[in-house]
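Labels below follow one simple rule: chain letters A, B, ... track the order of the sequence lines, proteins then strands, and each chain is numbered from 1. None of the values given here were measured: they were computed from a predicted structure. Below, each value reflects all heavy atoms present in this structure, side chains not excepted, and no hydrogens, waters or symmetry copies.
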Amino acid sequence: MAKRYWLFKSEPSEFSFEDLARAREQTTFWDGVRNYQARNLLRDEIQVGDGVLYYHSSTEPTAVIGTAEVVRAGYPDHTQFDPKSSHFDPGAKPEEPRWYMVDIRLVRSFAQPVPLATLKQTPGLAGMTLLQRGSRLSVQPVSAAEWEIVCRLGG
DNA sequence: GCCAACGTTGGC
DNA sequence: GCCAACGTTGGC
């Protein structure tokens, strides 16, 4: 299957791109997604080798700050079974997982982060899921054309 | 901190 | 299956 592209949102206070840079092998599991639409992407669509735009939300400025690649496809998010985790889901059973995650590895830190305001002003990005009214998906698809434009803006 | 937008829950 | 109430997201 052809390589596809995604945008992952993270609040830097939770797990920032710098945290990813410091992580072992600059790799992390993407836990904590608790939205069914995003879950379906993680479980069914996102494949090893796919590209990820790393987006910092709820910070100043919100921005795409770098790229990563998927190094492991969807598998059950273990935090759903952990009563001590803030992502614990009492309705999830190990034999019937409800939530999934993938592993990603850092690829490139942008020379210049691309803030939301820039994305909004850039021709060719008007169709980005991120920019749609009321869009809240924390894992969302990005087209190859959008990927190219954002990466160019990032330097 | 505000609040619009959206997703989920649960009574009926 | 409807929909009001509630909780969450996330830009501002």
Strictly under 3.5 Å: I want the nitrogen or oxygen pairs between protein and nucleotides 8-12 of chain C, one per line.
unit_1	atom_1	unit_2	atom_2	d
dT8(C)	O2	Arg136(A)	NH1	2.9
dG10(C)	OP1	Lys9(A)	NZ	2.8
dG10(C)	OP1	Arg136(A)	O	2.7
dG11(C)	OP1	Tyr55(A)	OH	2.9
dG11(C)	OP2	Ser58(A)	N	3.0
dC12(C)	OP1	Lys120(A)	NZ	2.4

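Residues Leu130(A) and Leu116(A) have side chains in contact (heavy-atom distance under 4.5 Å, counting atoms from C-beta outward). Side-chain atoms of Leu7(A) and Val64(A), non-hydrogen and from C-beta on, do get closer than 4.5 Å to each other.
Within residues 77-100 of chain A, no residue is approached by DNA chain B to less than 4.0 Å at the level of any non-hydrogen atom.
Aromatic ring orientation, Phe17(A) versus Tyr54(A): perpendicular (interplanar angle above 60°, classes split at 30° and 60°).
Judged by distance alone, the side chains of Asp82(A) and Thr79(A) never bring a donor and an acceptor atom under 3.5 Å apart.
Under the ring pair (Phe, Tyr, Trp, His ring centres under 6.0 Å) criterion, Phe81(A) pairs with no residue, sequence neighbours left out. Contacts of Tyr100(A) classified as ring pair (Phe, Tyr, Trp, His ring centres under 6.0 Å), with partners at least two apart in sequence or in another chain: none. For Tyr36(A), the side chain to side chain donor-acceptor pair (under 3.5 Å) test picks out no residue, with sequence neighbours left out.
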Anything under 3.5 Å between a donor and an acceptor, one on a side chain of residues 104-113 of chain A, the other on a protein residue two or more places apart or in another chain? List them.
unit_1	atom_1	unit_2	atom_2	d
Arg105(A)	NH2	Glu69(A)	OE2	3.4
Arg108(A)	NH1	Gly155(A)	O	3.0
Arg108(A)	NH2	Cys151(A)	O	3.2
Gln112(A)	NE2	Leu153(A)	O	3.4

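Taking atom CG of Asn35(A) as the reference point, atom P of dC6(B) lies 13 Å away to the nearest angstrom. Taking atom CD on Gln37(A) and atom P on dG7(B), their separation rounds to 7 Å, with Å as the unit. Rounded to an integer number of Å, the gap from Arg133(A) CZ to dG7(B) P is 13 Å.
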